[in-house]
Structures are given as structure tokens and as C-alpha cells.
Amino acid sequence: MPHFAANRLLAGLLVLVLSLTTAAANSAAATDKPFGIDAMLRVAMLDDIRISTDGRLTAFVVTRAMPDGGEGELSSRIYLADKTKGPAKPVTPEKTVCDKPRFSPDGSKLAYLAQNEDATDVYLLQIATGQARRLLRGRDEILDLAFSPDGKSLALTMATAAKTTEARQPGCDAEVEVLDTGSGVSSLYLAPLVGAATPRPLVMDRDVAAFAFSPDGRFIVFETTDPAAAPRGRHHVTPSGDPSPRDATHADIAVVAVAKGTVRLLAATEASENAPCFSPDGSLVAYVATAAPGFYFTAARIMVTPAAGGTARPLAQTPDARPELLGWSADGQSLYVREAAGVSSVIYAVPLDGTPPRPVSDTPHVVARAALSPGGKCLGLVLTDSDLPPEVYVTAPSPFVPKPVSSVNQEFAAYRTAKSVAVRWQSTDNTTIEGLYTPPVVAVAGQGPPPLLIELHGGPAQASQRLYLGSLNSYPLAVFSERGYAIFQPNVRGSDGYGPQFRQALVGDWGGQDFADLQTGIDALVARGLADPNRVGLMGWSYGGYLTAWAIGHTDRFAAASIGGGITNLTSLCGSMDLPDFIPLYLGGEAYERFDFLFDRSPLKYAAAIKTPTLFQHGVSDERVPFTQALELYTALARRGVVTRLAAYPRSGHDIAEPGLIRDLMVRNLAWFTKFIPIGGLSASVPPLPVSPPDNG
């Protein structure tokens, strides 16, 4: 099939909104090491930052592939930084998966979780001596923990199995997994730090998610769901009691009195209320309210309500209407949030008086993670960029002057990467669309513009941001760039970071305006001489896999495609995925209600039109997008003689987590695109990218 003609968008404007001071061929002049897949496997990921009350100590989780490249899961260790003693160092064993670091109020102790084969244990580290002891042997899966304000106990949420007699039938030895309408709950406990440390139940009759102590320790505010609400879909009932996946939510906010265990609802409306926290004086509770049905694309805003009960009031809307609440400012007059903003993420202060949010993170880089210290005086951040390896930084909210406290990725300062730039163009309906364009690291002598590889993000309500190109990924972006490919990451309709209307534009329209946005973006790059129209490849995971599969059924412009964990048949996905609300809310109904429409928007329907060589990669135990989704389209292409391969990843769900399998993902993608989209023939120098002022479109 012919692709969208380039002249449909010549009237549109492609604007590069980040300054480049040199041509792409010279972008790596300060470094000289070429990126390879082995290097990408060593890049550390950083998460769950915590700062002590006085701001002196910072703890965070570092996740990376094991140095020996073993077959096991990725390794997660807790690092601890003391700003008086230099960069952070690991404080947990290398081969034990540890997470959820939590400081005691006086900063003398660090509690954390350690995963074992059967459950989760709680450990307590004496920071001064470096000695750790097991405080609690996990009986169930421990989900989260927090110190009480007096430092004498820990609040814990633990997942408990639903009561069922069906897992093992009378006279049978086998235990089976039962799909039922019942489910276990995540309960709240209080565990003392001395003595036997036997947890005392606080809330057992309803789900408890995010929670926080009041400043005086007398109450815990928590996110919960109505125990009387009818279940929305099937749930797993297993002896392990794994919590059911969360889909569309209708959560409320409740408060439990720690001494008596009495529970009262604080905020319970048609909206979904989440992530509560007390003000510094304990008089107010802030939370995020997401408009019903509490789904990925719906708008959210910060609310505050009296802790004793009363009428809640909204604060000013944040630009993207999807704030991640970090906590209260030290003076209690504003709340800090992190939020997607185009191809970046930033921090805002949302004033308590209802005036508009004001930017806090005065940095050109992406705030990939953020946390606020107790008392609101320090921010912990993961800062990164397409050419900046991620590290942890600490700063006061004002003045905002981030100081690095980690050096876990310091070796990659010597590796060369190209700088991604934001590009904007007009789509078919004249809406301004944004994406990221990354030129090749080094230009290769030859003919014409560089070949283009396109990565489509998942979600759909995720977004491509200026994250480090060398970071661990199914697709070896840094290696592609090093080998001579340009990379394009478009934020098509439905993406996060551009407000709720943009995010909701895909409701009922998968394969519609999103596909038009992709096509017009490619045409824009081709028209500016930034991509060879005859050497274009397409790849994406999850929803990105859906749009990849859809695209190759509607145009023959792609020389090769790779579909990872991708959706190919919406009718069969609707009742087989682990999120039963997902397809009905996005596309207007169940498969038995909208069968013809769902199949009309399924890539499988257009299999007869596909000619593009296509690689499928899928986890065999994927419950989010079942493995059969890959199998259906792969079988159709194979029977028609289209060049195709299906790589099935053992022991893997929707995310591939074993280092050896991640290596295979990247190696296989590199080989696939190298085979079908040759590098030879690049121009002697990649055209310099024009610089213009930001277009706020």
C-alpha cells in the first residue's frame, strides 16, 4: 500500500526546539568509546530515592544486570550516600534483591525489604556500624513499609491470600490456580522494632495501598477500596496470595487510629482518590483525585481536605493533569509534584491558596525520579538526558542547585552518544505533534540522509522522553545510533505530557489519528533531509507493538519491523489480558459488544496486506498481552510467505527481566535491522540541524 504522500505535510512545520551547537558528526567529540550491547547491559537504573529528615543521608535502589551476565533476575541493591563522605556506596549484598529503603526519623537506621524464594523479609541496618539484622521473616508478600514518627515501630502492608477451598480438592494432592471473583487483600500491620516484632493487625478487612503517618503518629491515612464493591473482572486465587493487577480504580482515602484500629473514610467520591499525605501540622490531608473511572487517560488534580473530616477543595490544575504527589513544602503552603512535560519531566510547586503551579526544577535535564524528604526541605532526584547517564542528585527546592550523590554510571561519561533533539510537526488535522530525533553518532561517508529507525512507546499513555540512550532497553538505541542509524521517537496522539485532551484522543480511535501522526512525522523528517525514505524501520513494545503491527498492515514504506509484546487481535485480547477494564474503556465496549469494531481495529485483520519483514518478540508467560497475540499474526505472516521470526522468551511476562534474555532481545533486534536496512551509503556529513526558538504550539 502507498504511504501518506509527503506533500500532505509540506505546509506543516518541523521545528527543532533544542539547540545544537555542532553538527551531529562532531557531537561525540568529548568522548571516544563506542557503545555496544555489553556496555548497555552495565548501565544502572536508579529508583526509590529516600532522604533522611536532616538531608544528610540519601538512600536509593540500583538495579542492573549481574556482572557475570548470569541467567537470574536483574540485581537490585540499596546504596547509601552521606553528603559529608562522598558518593554513595552499596549497603546490601550484591546477589540479594533488596528494595524499599526507609530511614528512621532520627536517621540512625535504615529499614528495607529483601526478597527470598518464598516471601519477603524486613531488615534493619544500623547506619553507624553497618550491621543489619532481620527484623521480620516474611510470611506473606510485604509490599511497603514506613517508620512511625517516634521511630519505635514500622507500619507494613502485606498481601494475604483470599480464603478459598478450591485450590486443593478433597482427595487430591495437587494445588491448582483458580480463576475466581474473589481476591486477597493488602492489609496494614504495625510491627515493633524491639522484642519479637510480631506485627499487630491494624486494617484487615479492606485493601490498603499508599499510606502515611500523621506527624504525631496517632493516625495513618491510606488509600483503599470499598470492600463491598463488586469485582470488575477475574482474579487469580493462589496459595501465594499475589495481589490482583490494578486496572481502572475507584479508590478512597481513609484514616485509621493507630491505638484503637478504628477506621473512618476521609474522601470517598466518584473520583479515584490516591497517594494521601498529612500536612506538616497534621491539620490537612492532600491527595490526588483522578476523574472517574480513575484510568490512565483521565485527568487528575491535587485535593486537600481537613484531616478531621470536612469538605475537600481542589488546587490549581497542573499542565498535564497527571501529577505525581511528592509531599508538602516545609512551610505547609504548597505541595510538590512531578509530572511529564512533553519530552521531559519536571517538578512543580502547587500553592495551597489555589494559584497556578510554578516550576521548581530549574534544569535542562529530565527529572526521571523524584522524592521529598520528611519536612519538605530536600529533594532527591534522578537526572538524566539522552547523552547524560542517570545519577542521583540532592537539592533544596529553593534555590534549586542539584548536587550529585551517586557515581554508579560514571564509566559511561567516556562513551559517546548523540544528543536527541525535540522535533515538532503538523499532523493531518493541523495538531502540533512532538517527538525526539537522534542523529547518528558518527556520519559515514556515502550517499544521502541516514537510515531511520523508529521506536514507538507503550501505554498508550506513556511518552518518549530524553532518557539516556544507553539505558537498558529491549531496543539497543545507543548501538543503533553508534552504527549509523538516526532514531525517531514520536509522541503520537494518546501520549502523556501534553494534557488530558491529547491523552484521551485515542479513546475509540486506535489505529486512527495515532497512525496519521506517525506517518506525518516520518514525512516531515524526510522532507528536511533527516531520513532516507527507502531505509526506514519500525519497532515498539506493548501498545508500541500494536501501532507497529497496524502500520505495516497499512503502508509498505517500512523496510523492516520488530513487534515486542505487541497487541495484534483486540477481540481475543479483550477477555484474555489481566486488565479487564483496559480495552472496554479505551475502545468503548467488551468484545461481545463491539466485536466488529474491535476486529476492524486489529492488525490481524490486515495481515494479507503485510509485506514487511517482521520480527516478533514475546514473553511466553505474558498475562498483560498474552503470547497468543504474537502467535496469531506471526502464523498469518508465515503462512503467507512473509519473512518473519517469532522469538518466545521463557519464564517471562510482559517485561523481560533476565539479563541473558535482555541481551538476546537487543542482539536479535540489532541483527534484524542491520540485515534489512543496510548502513552503507550515508552522506559524508549528516546535515546540520537548524536551531530555532521553542515552538509552544
Side-chain angles (χ1 to χ4, degrees), residues 2-6 9-10 12 14-16 20 23-25 27 343 386 417-425 427 433-444 446-457 464 466 469 473 475-492 515-540 544 547-548 551-552 554-563 612-615 669-683 685-690:
H3 62 74
F4 281 59
L9 102 87
L10 289 180
L14 173 69
V15 181
L16 301 180
L20 288 185
S27 63
V343 294
S386 58
T417 54
K419 190 172 185 64
S420 301
V421 295
V423 293
R424 292 176 180 169
W425 66 95
S427 191
I433 308 298
E434 186 176 50
L436 289 170
Y437 176 82
T438 308
V441 169
V442 178
V444 179
Q447 308 158 2
L452 182 71
L453 297 183
I454 303 162
E455 184 196 32
L456 300 172
H457 66 71
S464 294
R466 296 190 326 272
L469 287 175
N473 192 340
Y475 307 110
L477 300 184
V479 183
F480 285 143
S481 180
E482 175 68 36
R483 295 288 182 92
Y485 295 99
I487 298 167
F488 182 37
Q489 298 166 290
N491 283 336
V492 300
F515 178 57
D517 295 346
L518 168 64
Q519 291 282 67
T520 53
I522 300 169
D523 288 343
L525 295 178
V526 170
R528 294 297 297 267
L530 299 175
D532 182 343
N534 298 313
R535 292 185 293 165
V536 180
L538 188 62
M539 68 193 89
L547 190 52
T548 298
I552 60 176
H554 289 78
T555 175
D556 59 3
R557 78 185 305 170
F558 300 107
S562 177
I563 297 171
T612 307
T614 303
L615 170 67
N669 276 300
L670 181 62
W672 189 259
F673 286 107
T674 301
K675 177 179 179 179
F676 293 104
I677 305 177
I679 293 296
L682 289 180
S683 60
S685 63
V686 176
L689 302 180

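Contact record, Leu518 with Ala551: CD2-CB, 4.2 Å, taken as the closest heavy-atom pair. Taking all atoms of both residues into account, the shortest heavy-atom contact from Tyr475 to Ser562 is CE2-OG, 3.9 Å. In terms of heavy atoms, Gly484 sits closest to Pro440 at O-CG, 3.4 Å. Between Ile677 and Pro451, the closest heavy-atom pair is CG2-CB, 3.7 Å. Between Ser464 and His457 the shortest heavy-atom distance is N-CD2, 3.6 Å. The two residues Ser427 and Asp517 make their nearest non-hydrogen contact at OG-OD1, 2.5 Å.
With sequence neighbours excluded, the residues satisfying side-chain contact (heavy atoms from CB on, under 4.5 Å) with Ala561 are Thr548, Ile552, Thr612, Thr614. In this structure Phe676 satisfies the ring pair (Phe, Tyr, Trp, His ring centres under 6.0 Å) test together with Trp672, sequence neighbours excluded. For Phe558, the ring pair (Phe, Tyr, Trp, His ring centres under 6.0 Å) test picks out no residue, with sequence neighbours left out. Annotation: side-chain contact (heavy atoms from CB on, under 4.5 Å) contacts of Glu482 (sequence neighbours excluded): Pro34, Arg416, Val441. Annotation: side chain to side chain donor-acceptor pair (under 3.5 Å) contacts of Asn491 (sequence neighbours excluded): Tyr498. The side-chain contact (heavy atoms from CB on, under 4.5 Å) search around Thr438 returns Ala418, Ser420, Leu469, Ser481, Ile487, not counting sequence neighbours.
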Query raised in the report: After noting the C-alpha distance and the side-chain angles of Leu615 and Phe673, does the key distance pass the side-chain contact (heavy atoms from CB on, under 4.5 Å) rule?
Result: CA-CA 10 Å; Leu615 170 67; Phe673 286 107; over 6 Å; no
Requested in this report: Go through Arg483 and Leu670 one step at a time and tell me if the side-chain contact (heavy atoms from CB on, under 4.5 Å) criterion holds.
Outcome: CA-CA 10 Å; Arg483 295 288 182 92; Leu670 181 62; 3.6 Å; yes
Report task. Starting from the C-alpha separation in whole Å, work towards a yes-or-no answer on side-chain contact (heavy atoms from CB on, under 4.5 Å) for Phe480 and Glu455. Result -> CA-CA 11 Å; Phe480 285 143; Glu455 184 196 32; over 6 Å; no
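For the atom pair OG (Ser386) and CZ (Arg466), the distance works out to 7.0 Å, reported to the nearest 0.5 Å. Rounding to the nearest 0.5 angstrom, the gap separating the CD1 atom in Ile563 from the CG atom in Leu547 is 10.5 Å.
Within the 4.5 Å cutoff, no side-chain heavy atoms of Thr674 are placed close to those of Ile679. With a 4.5 Å cut-off on side-chain heavy atoms, Pro476 and Asn669 count as touching. Side chains of Gln489 and Leu477 form a contact here, defined as non-hydrogen atoms less than 4.5 Å apart. Two residues are said to be in side-chain contact when any heavy atoms from C-beta on lie closer than 4.5 Å; Leu538 and Arg557 fail this criterion. Leu456 has its side chain within reach of Pro490: a pair of non-hydrogen atoms, C-beta onward, lies under 4.5 Å apart.
Between the Tyr437 side chain and the Ala486 main chain, no donor and acceptor come within less than 3.5 Å of each other. At distances below 3.5 Å, at least one donor-acceptor pair connects side-chain atoms of Thr520 with backbone N or O atoms of Ala516. Although no hydrogens or angles enter the test, the distance criterion places a donor-acceptor pair under 3.5 Å between the side chain of Arg535 and the main chain of Pro678.
Aromatic rings of Phe488 and Trp425 (six-membered ring for Trp) have centroids within the 6.0 Å cut-off, being under it.
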